Amino acid sequence: MYALIDCNNFFVSCERLFEPGLEGVPVGVLSNNDGCVIARSEELKALGITMGMPVHQIPSGQRRRIVLRSSNYALYGDLSSRVQQVLAARVPALEPYSIDECFLDLRGIGGDLDVLGRSLVQAVEREVGLPVSLGIAPTRTLAKLANRRAKGMPGHSQFCLWPDAQAPELSRYLHQLPLKAVWGIGSRLALKLASLGIDNAAALRETPEALLRMRFSVVVARTARELRGTPCLEAHELATPRRSILCSRSFGRLINDRQQLSDALRHHCQRAGEKLRRDDMLASAIGVFLRTNPHHTGPQQSHSLWTMLPFPSADTLRLNHHAQRLLADLWRPGIAYQKLGVMLADLSPRHGSQASLFEGHEPARQEALMLAWDAIRQRYGRDSLTLGLRYDNATWPMNSRYRSPCYTTRWDELPQVST
DNA sequence: TCTGGGGTCCTAGGACCC
DNA sequence: TCTGGGGTCCTAGGACCC
């Protein structure tokens with residue numbers, strides 16, 4: 001048996017935890033750049049504000065009645081790890097899945113699952129203060145659905161236990177469940193499946209595996225099998241070490257200027273190098289992508305280029321050097337670009353990686369330079385040392401007008417208390 | 001005017017080999 | 001005129017997730 005526990009309206013709940021006045025109020029949390037709504041309170045959902053809705057599409061009448069917050073990932077990340085600590089103290093096998101979700105492997109756990117499930121929900125609420133939902137079922141895919149079912153439960157019992165995949169109650173639930181609600185079936189696949197007459201979760205799990213394998217992919221076939229109650233996903237498939245790093249940002253307006261694109265790329269390379277060194281890893285391949293605005297009509301372009309580094313590296317200067325050459329090959333005159341990013345792949349641990357006889361390695365001087373670089377920024381702040389001009393001098397500063405204080409990670413942002 | 005960012009996995013098709 | 005078959009590897013792009 002597996003469980004899925006997740007925090008209800010996680011980002012909104014985090015904001016409310018430190019600002020209780022937001023209880024009962026329609027609250028939304030915005031994406032980077034304050035572009036669109038990525039988390040909603042129940043009150044905001046009731047107003048018809050949809051997931052991913054651009055802020056500028058919210059009618060101004062509604063806009064005045066709701067509260068918006070910029071995303072504050074330092075706060076959410078910290079609360080997320082507190083939730084995990086509470087769970088880890090009670091269940092042996094934890095599989096964190098996202099910032100607000102965690103699978104629990106309950107195989108081999110004796111005792112009453114109903115009692116265990118309810119006690120976990122209560123423990124998180126009591127010790128962290130965040131409301132959570134919990135679903136338990138024979139597979140992870142079904143546990144996700146049990147969790148969804150739990151959220152619909154009346155009152156405070158956000159818990160659902162489905163011990164048997166073939167139980168009539170579960171079958172009834174799957175019959176009325178749109179395909180899109182199933183983990184692994186997105187809107188595109190749902191459309192294609194519907195064209196074959198498969199338009200709910202029960203229909204999917206009754207479809208012969210060979211047909212799904214032939215017309216779709218192993219992923220869809222596996223999902224159907226999970227719906228029938230046979231576990232197909234291994235833990236290591238969920239929690240593998242990071243395989244790639246991506247740093248990207250929309251510009252907020254369209255850009256073709258080579259220099260401005262180059263500036264943005266330099267900034268992204270700097271962040272990517274930092275992530276890499278924080279994880280103590282090296283990258284062997286680097287890629288750059290450049291794309292137009294997919295929301296606009298007219299011709300679209302979205303291309304990426306990759307190159308191998310001469311040897312595995314975590315050197316910001318080297319990453320930037322190769323990325324800039326890729327950008328030069330990607331860039332075309334007269335095209336209005338909306339987004340640019342750098343990607344690192346073929347990651348390996350910095351220590352313990354076997355040095356090849358023929359392959360070079362980063363000179364010790366460069367490694368020392370990057371260590372000093374990180375140390376200076378750590379000590380004197382991120383703005384104390386940057387590659388080239390500071391990025392916020394550029395034309396597209398990132399918007400985060402409504403960010404709350406980092407209550408749990410920054411002393412200087414704690415509200416003043418008068419004595 | 002303004003539409004996120006960061007990941008994973010799979011597949012089709014091209015390049016290449018014998 | 002007639003121009004193989006079978007395999008591997010790599011990459012770009014698509015689909016999914018939160």
Side-chain angles (χ1 to χ4, degrees), chain A residues 4 6-7 9-11 28-39 49-58 60 63 68 70-71 73 76-77 80 96-103 140-141 144 147 179-193 213-223 232-234 236-254 268 271-272 275 279 285 287-297 300-308 330 336 338-347 396 398-401:
Chain A
L4 178 72
D6 83 342
C7 304
N9 313 328
F10 180 53
F11 296 171
V29 174
L30 305 179
S31 63
N32 273 311
N33 270 324
D34 292 343
C36 40
V37 180
I38 56 168
I49 308 292
T50 55
M51 185 68 177
M53 181 185 262
V55 174
H56 66 91
Q57 281 179 10
I58 300 176
S60 57
R63 181 71 189 76
L68 296 178
S70 303
S71 36
Y73 287 102
Y76 312 150
S80 173
Y97 177 64
S98 74
I99 194 167
D100 72 327
E101 276 176 277
C102 194
F103 284 106
R140 292 183 182 81
T141 303
K144 282 275 253 186
N147 179 284
L179 272 182
K180 249 220 77 176
V182 177
W183 189 35
I185 308 295
S187 49
R188 308 282 177 123
L189 278 173
L191 273 178
K192 279 191 212 162
L193 284 160
R213 180 69 193 84
M214 192 177 65
R215 298 293 293 268
F216 297 92
S217 66
V218 291
V219 183
V220 177
R222 206 159 56 187
T223 297
C232 306
L233 300 168
E234 289 303 321
H236 63 79
E237 293 178 54
L238 294 171
T240 46
R242 193 210 287 276
R243 304 175 63 98
S244 66
I245 286 174
L246 172 77
C247 291
S248 69
R249 195 123 303 168
S250 303
F251 298 128
R253 64 181 181 83
L254 300 177
H268 297 329
R271 286 202 302 139
K275 278 195 200 180
D279 286 4
V288 171
F289 74 88
L290 195 55
R291 66 154 215 224
T292 52
N293 190 336
H295 300 286
H296 287 187
T297 51
Q300 296 287 328
Q301 269 208 26
S302 172
H303 293 300
S304 59
L305 278 179
W306 283 90
T307 189
M308 294 299 290
L330 272 175
Q338 182 248 5
K339 188 172 180 176
L340 161 77
V342 64
M343 307 172 278
L344 304 177
D346 288 357
L347 306 185
W396 49 88
M398 177 155 120
N399 292 322
S400 61
R401 275 182 292 171

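Below, read A as the first sequence line, B as the second, and so on, with proteins coming before strands; counting in each chain starts at 1. None of these values were measured; they are calculated from a predicted model.
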* Asked: When you match A:G35 and A:V218 each to their closest nucleotide on DNA chain B, which lands nearer the 5' end?
  ->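 So the residue in question is A:G35.
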Worksheet item: Where each residue is assigned the nucleotide of DNA chain B containing its nearest heavy atom, which of A:H296 and A:I245 is assigned the position nearer the 5′ end?
Response: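 Comparing both residues, the 5'-ward one is A:H296.
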Can you name the atoms? Protein N/O to nucleotides 11-15 of chain C N/O, anything below 3.5 Å, with the distance.
{"residue": "C:dA15", "atom": "OP2", "partner": "A:R188", "partner atom": "NH1", "Å": "3.1"}

More than 12 non-hydrogen atoms from neighbouring residues, nucleotides or ligands closer than 6.0 Å to CZ on A:R188, yes or no?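 Counting other residues, nucleotides and ligands, CZ of A:R188 stays at 12 neighbours or fewer.
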Residues, nucleotides or ligands: over 12 heavy atoms within 6.0 Å of A:K180 NZ: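 It does not: A:K180 NZ has 12 such atoms or fewer within range.
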Next on the checklist: Between C:dC18 and B:dT3, how many Å separate the two P atoms, rounded to a whole number?
Outcome noted: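 It comes out at 24 Å once rounded to the nearest Å.
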With a 4.0 Å cut-off on heavy atoms, is A:R213 in touch with a base, just the backbone sugar-phosphate, or nothing at all?
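Touches sugar-phosphate only.
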* Which part of the nucleic acid, if any, lies within reach of A:V220 when heavy atoms closer than 4.0 Å are counted: base, sugar-phosphate only, or nothing? ->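 The answer is nothing, as A:V220 stays clear of every strand by at least 4.0 Å.
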Is any side-chain heavy atom of A:C36 closer than 4.5 Å to a side-chain heavy atom of A:Q57?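 With C-beta onward as the side chain, the pair stays apart.
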Do A:Y97 and A:R140 have side chains that get closer than 4.5 Å, going by heavy atoms?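 No; the side chains remain at least 4.5 Å from each other.
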Taking OP1 and OP2 of [N], is either one under 4.0 Å from a side-chain nitrogen or oxygen of [X]?
| X | N | value |
| --- | --- | --- |
| A:S248 | B:dG6 | yes |
| A:R253 | B:dT1 | no |
| A:K275 | B:dG5 | no |
| A:S244 | B:dG7 | no |

Length of the line joining [X]:[atom1] and [N]:[atom2], which is rounded to integer Å:
| X | N | atom1 | atom2 | answer |
| --- | --- | --- | --- | --- |
| A:L246 | C:dC18 | CG | C1' | 15 Å |
| A:I99 | B:dG5 | CD1 | C1' | 12 Å |
| A:Q57 | B:dC2 | CD | P | 12 Å |
| A:I185 | B:dC10 | CD1 | P | 14 Å |
| A:D346 | C:dC9 | CG | P | 15 Å |
| A:N32 | B:dG6 | CG | P | 7 Å |
| A:R222 | B:dT8 | CZ | P | 15 Å |
| A:R291 | B:dT3 | CZ | P | 10 Å |

Is the backbone of [Y] close enough, under 3.5 Å, to the side chain of [X] for a donor and an acceptor to pair up by distance?
| X | Y | value |
| --- | --- | --- |
| A:N33 | A:G35 | no |
| A:D100 | A:F10 | no |
| A:K144 | A:A181 | no |
| A:T292 | A:Q301 | yes |
| A:S71 | A:Y73 | no |

Roughly how far, to the nearest 0.5 Å, is the OG atom of A:S248 from the NZ atom of A:K339?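 One gets 4.0 Å once the value is rounded to the nearest 0.5 Å.
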Starting the side chain at C-beta, find the nucleotide from [options] nearest to [X].
| X | options | value |
| --- | --- | --- |
| A:K144 | B:dG6, C:dC18, B:dC10 | C:dC18 |
| A:V219 | B:dT3, C:dC18, B:dC10 | B:dC10 |
| A:D100 | B:dC10, B:dG7, C:dC18 | C:dC18 |
| A:R243 | B:dC2, B:dT8, B:dG6 | B:dT8 |
| A:H56 | B:dG4, B:dC10, B:dT3 | B:dT3 |
| A:Y73 | B:dC10, B:dG4, B:dG6 | B:dG4 |
| A:S217 | B:dT8, B:dG5, B:dC10 | B:dC10 |

Q.
For A:Y76 and A:F11, take the angle between the two ring planes, folded into 0 to 90°, and tell me which bin it lands in: parallel under 30, tilted 30 to 60, perpendicular over 60.
A.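 Parallel, since the angle between the ring planes stays under 30°.
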DNA chain B in dot-bracket form (Watson-Crick or G-U pairs under 3.5 Å, [ ] crossing, | inter-strand) is ....||||||||||||||
